[in-house]
Trainee: 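First the structure, which I've put down as structure tokens, then a few questions once you've had a look.
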Amino acid sequence: MIEITDFSAPELDIFARLSEPQLLHYYEPDLGIFIAESPKVINRALDAGYQPISFLCASENHHPDTKELLARCADTPVYTATSEVLAELTGLQFSGGIICALRRNPLPAVQTLCENASRIAVLEDVVNPRNIGAIFRNAAALGMDAVLLTSGCSNPLYRRAARVSMGTVFQVPWTIFPQNCDYLKMLHDMGFTTAAMALRNDTRRITDRTLKNCDKIAIVLGTEGEGLRDTTISACDVTIRIPMTHGVDSLNVAAASAVAFWELGTLREAEL
């Protein structure tokens, strides 16, 4: 335990003065850093093989989960102060909590990730970290084998995304497509049927049995507000929609993902 006496100490920069994009490129050209919050999320990161750098912990935090976590990482520095001081330092509401800085791991190649997958989610330029986190939680709960993201998406290891996901970003395999690649062609070459979720007239209902019977399907979800690009929709094999009532024409992308993953994921297949 190292009590914080100097707010300007350089070892606190990663918690207090650097943005998440700066942390992402912290060791460039090597991989960067991310911040995880709460014992559950941090433990899931450790279980997935991420290496801790240091902790920031409220001095009044005596929760058993926190004690077990710190015992697990006995050789890792723990910077501590009251939650009020830590909130002033970081701008976060600590409520007696704990955060951890960890090193990023290399991402797998798309082909490696999809080798044994039959149900994957594809996110095109989804920029809200909360939506990213919620989609990962849905993917973990509802039988998706992997999540693939375009380079325009918010990073799944950003603190807010990891927190909203309840740490499932460390459990569901994921990777990012190379920038400017034809990712739909990559998926088609690997044998995936690509299903675009979009508001079009020429759509299939998401309950269509032929979709459920596809050996390999990629559910393609677009950015908040605008949705998928027209070129993406045209290049997908099918366009699917969720039937809705009361004049509602669309759902939040995270809510829509939950419906799609339940209808087309491996969990639903097992139930049928």
Trainee: Only distances under 3.5 Å count here; give the side-chain donor-acceptor pairs of residues 138-149 to other protein atoms, sequence neighbours excluded, each with its distance to 0.1 Å.
Mentor:
unit_1	atom_1	unit_2	atom_2	d
N138	ND2	A134	O	3.3
N138	ND2	A254	O	3.0
N138	ND2	S257	OG	3.1
D145	OD2	S118	N	2.8
D145	OD2	S118	OG	3.3
D145	OD2	R119	N	3.0

Trainee: Under the ring-ring contact (aromatic ring centres under 6.0 Å, His included) rule, collect the residues that match up with Y26, sequence neighbours excluded.
Mentor: none

Trainee: Enter the distance from I217:CD1 to K212:NZ here, rounded to the nearest 0.5 Å.
Mentor: 9.5 Å

Trainee: Honestly curious: do V169 and L107 fall in one hydrophobic cluster under the side-chain, below-4.5 Å linking rule?
Mentor: yes

Trainee: Any link between L184 and V110 through a network of hydrophobic side chains (Ile, Leu, Val, Met, Phe, Trp, Tyr) touching at under 4.5 Å?
Mentor: yes

Trainee: Distance-only check: which donor-acceptor pairs under 3.5 Å involve side-chain atoms of residues 7-16, not counting sequence neighbours?
Mentor:
unit_1	atom_1	unit_2	atom_2	d
S8	OG	D6	OD1	2.6
S8	OG	D6	OD2	3.3
D13	OD1	R17	NE	2.6
D13	OD1	R17	NH2	2.9

Trainee: Grouping I, L, V, M, F, W and Y whenever their side-chain heavy atoms are under 4.5 Å apart, do L123 and F261 come out in a common cluster?
Mentor: yes

Trainee: Should L187 and I219 be counted in the same cluster of Ile, Leu, Val, Met, Phe, Trp and Tyr side chains packed under 4.5 Å apart?
Mentor: no

Trainee: Within the 4.5 Å heavy-atom criterion, are I98 and V78 side-chain neighbours or not?
Mentor: no

Trainee: Looking at D125 and R229, is there a salt bridge between them, counting it only when a charged N and a carboxylate O are closer than 4.0 Å?
Mentor: yes

Trainee: Is it true that F177 and F192 fall in one hydrophobic cluster, defined by side-chain heavy atoms closer than 4.5 Å?
Mentor: yes

Trainee: Mind checking salt bridge (Lys or Arg N to Asp or Glu O under 4.0 Å) for R159 and listing every partner two or more places apart, or none if nothing turns up?
Mentor: E37

Trainee: Just by distance, no angles: are the side chains of R130 and N252 close enough, under 3.5 Å, to form a donor-acceptor pair?
Mentor: no

Trainee: Taking T194 for the side chain and D237 for the main chain, is one N or O donor matched with an acceptor at less than 3.5 Å?
Mentor: yes

Trainee: May I have all residue pairs that pass ring pair (Phe, Tyr, Trp, His ring centres under 6.0 Å) and include part of residues 225-255, sequence neighbours excluded?
Mentor: none

Trainee: Between the side chain of T175 and the main-chain N/O of A109, is any donor-acceptor distance below 3.5 Å?
Mentor: no

Trainee: Looking at D65, is its backbone amide N or carbonyl O close enough to the side chain of K40 to form a donor-acceptor pair, meaning the two atoms are under 3.5 Å apart?
Mentor: no

Trainee: Apply side chain to side chain donor-acceptor pair (under 3.5 Å) to residues E226 and T223 and explain how you reach the verdict.
Mentor: CA-CA 6 Å; E226 297 177 4; T223 186; over 6 Å; no

Trainee: Carefully, step by step, assess F55 and I42 under the rule side chain to side chain contact (heavy atoms under 4.5 Å, CB included).
Mentor: CA-CA 10 Å; F55 289 95; I42 297 167; 4.1 Å; yes

Trainee: Distance-only criterion, 3.5 Å: show the donor-acceptor pairs between side-chain atoms of residues 47-54 and protein atoms not counting sequence neighbours.
Mentor:
unit_1	atom_1	unit_2	atom_2	d
D47	OD1	R72	NH1	3.1
D47	OD1	R72	NH2	2.6

Trainee: Does E224 form a side chain to side chain donor-acceptor pair (under 3.5 Å) with N131? I'd like the steps, not just the answer.
Mentor: CA-CA 9 Å; E224 300 85 353; N131 283 334; 2.9 Å; yes

